[in-house]
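Inspection log for the structure reproduced underneath, given as structure tokens.
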Amino acid sequence: MSGISTQAPIDPALDLFDEIERLKHERKAVILAHYYQDPDIQDLADHLGDSLDLARIAREVKTAEVILFCGVHFMAETAKILNPEKTVIVPDLEAGCSLADSCQADQLRAWKAKHPEHFVLTYINCNADTKAESDLICTSSNAAKMLQSVPKDRPVLFVPDRNLGAWLAKELDRPMDLWPGTCMVHITFSERKIIELKARHPEAKFIAHPECEEQVLRHADFVGSTRRLIEYVTDSPEQKLIVGTESGILHCMHKAAPQKELIQAPVENVGSCSACSECPHMKLNTLEKIYLALRDLQPRIEMDEGLRQRAAIPLKRMLELS
Ligand code: 13P
Ligand code: SF4
């Protein structure tokens with residue numbers, strides 16, 4: 001992967017918001033953003049969503065010629081797989097994902113060769129070549145439905161998030177083999193500190209993303225995808241909530257329910273430095289890089305057509321079943 005598109009300096013006098021708006025129309029571009037993006041990026045996006053929403057929206061883009069994807073690489077790659085006619089650009093090609101890194105396609109191929117009877121259910125947080133080795137893709141908002149679609153007599157390998165897999169297996173009472181991947185952000189939440197926080201705020205509900213560790217999820221009053229967590233904050237009568245996911249989500253939660261008190265779930269200190277609940281990959285995207293990407297139509301997501309077609313099969317199966 002290479003870095004941002006150009007070394008040409010940006011004129012400091014430019015109003016980046018105006019320039020992005022101007023270039024968006026000039027390039028016939030649409031901006032998609034995930035809830036973990038910085039507030040400014042969320043606010044300028046045409047569409048905001050969780051992984052499933054963004055995949056569906058990307059597939060439906062018709063008149064725009066360019067999709068600028070503000071999220072991480074596997075999300076933009078999914079947009080390209082589902083809508084290959086469009087030019088898909090990203091602010092920074094280096095914005096990856098620890099889950100995607102944890103399962104390379106050749107590792108999965110080797111596992112499958114030893115366990116040919118298994119059905120491979122793969123979380124969307126993976127690279128295209130890992131998707132191409134999978135029977136079905138899921139996201140955190142449709143994982144239960146996807147697992148229920150797998151014949152009961154088939155053993156299942158869940159790839160690559162062991163925490164989402166373990167939560168799902170428990171919810172549906174269906175044991176699965178779990179790939180040992182984790183999200184570098186969600187594993188940092190501290191069970192000890194969450195217990196203390198709940199004791200100090202007994203009226204608060206704790207809501208969490210299923211990528212959190214089992215010992216954290218067992219204290220959650222509600223577990224769901226990013227969109228479901230936002231819906232819970234907006235729709236439930238609770239006035240005080242402890243939020244166990246990446247901190248970028250608090251921006252749209254505050255906008256959706258300004259009267260509610262939201263407390264970021266605490267993380268464990270790592271060594272001498274304090275960990276934080278920000279995804280370093282998501283946070284690589286900036287207004288400057290968005291401006292450059294629209295100006296230069298770079299960096300682009302490019303993919304071998306054979307690989308794209310193979311990765312599209314389990315993805316489209318998911319969209320048909322959702
Ligand atoms: P969602 O599908 O819930 O938005 O999750 C994406 C993600 O990367 C969470 O870390
Ligand atoms: Fe990947 Fe975790 Fe970042 Fe989500 S928060 S993109 S799972 S590293």
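Just so you know, ligand 1 is whichever comes first in the structure, and atom 1 is the first atom listed for that ligand.
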Distance from [atom] to nearest protein heavy atom, with residue and atom:
atom: atom 2 (O) of ligand 1; answer: S51 OG, 2.8 Å
atom: atom 2 (Fe) of ligand 2; answer: C183 SG, 2.3 Å
atom: atom 1 (Fe) of ligand 2; answer: C97 SG, 2.4 Å
atom: atom 8 (S) of ligand 2; answer: S98 N, 3.7 Å
atom: atom 9 (C) of ligand 1; answer: E211 OE2, 3.1 Å
atom: atom 5 (O) of ligand 1; answer: H209 NE2, 3.3 Å

Are [X] and [Y] connected, step by step, through hydrophobic side chains (Ile, Leu, Val, Met, Phe, Trp, Tyr) whose heavy atoms are closer than 4.5 Å?
X: L52; Y: V30; value: yes
X: L172; Y: I137; value: yes
X: L99; Y: I187; value: no
X: L284; Y: F69; value: no

Going by an N to O cut-off under 4.0 Å, is there a salt bridge joining [X] and [Y]?
X: R317; Y: E320; answer: no
X: R192; Y: E268; answer: yes
X: E213; Y: R218; answer: no
X: K170; Y: E214; answer: yes
X: K193; Y: E196; answer: no
X: R22; Y: E26; answer: yes

Check for me whether [X] has a heavy atom closer than 4.0 Å to any atom of ligand 1.
X: M282; answer: no
X: H186; answer: yes
X: N125; answer: yes
X: Y36; answer: yes
X: C183; answer: no

Would one find an N or O of [X], backbone or side chain, under 3.5 Å from an N or O of ligand 1?
X: T139; value: no
X: D50; value: no
X: S140; value: yes

Mode of E246 contact toward ligand 2 - side chain, backbone, both, neither (heavy atoms, under 4.0 Å): neither

H34: numbered ligand 1 atoms lying under 4.0 Å from its heavy atoms: 1 (P), 4 (O), 6 (C)

For S225, atoms of ligand 1 separated by under 4.0 Å from a heavy atom: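 Close to S225: 3 (O).
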
Under-4.0 Å heavy-atom contact with ligand 1, by part of E246 that carries it: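 Looking at E246 and ligand 1, no heavy atom falls under 4.0 Å.
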
C279 near atom 1 (Fe) of ligand 2 via N/O/S, less than 2.8 Å: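 No N, O or S atom of C279 is closer than 2.8 Å to atom 1 (Fe) of ligand 2, so no.
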
Numbering as shown, the atoms of ligand 2 that approach N125 to under 4.0 Å (heavy-atom distance):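 Every atom of ligand 2 under 4.0 Å from some heavy atom of N125: 7 (S).
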
L99: numbered ligand 2 atoms lying under 4.0 Å from its heavy atoms: 7 (S)

Intermediate values then yes/no, side-chain hydrogen bond (donor to acceptor under 3.5 Å, both in side chains), N127 and E77: CA-CA 8 Å; N127 299 326; E77 211 178 41; over 6 Å; no

Test side-chain hydrogen bond (donor to acceptor under 3.5 Å, both in side chains) applied to K240 and H201, step by step: CA-CA 8 Å; K240 199 186 257 196; H201 303 275; 2.8 Å; yes

S51 vs T139, side-chain hydrogen bond (donor to acceptor under 3.5 Å, both in side chains): CA-CA, chis, key distance, verdict: CA-CA 7 Å; S51 305; T139 75; over 6 Å; no

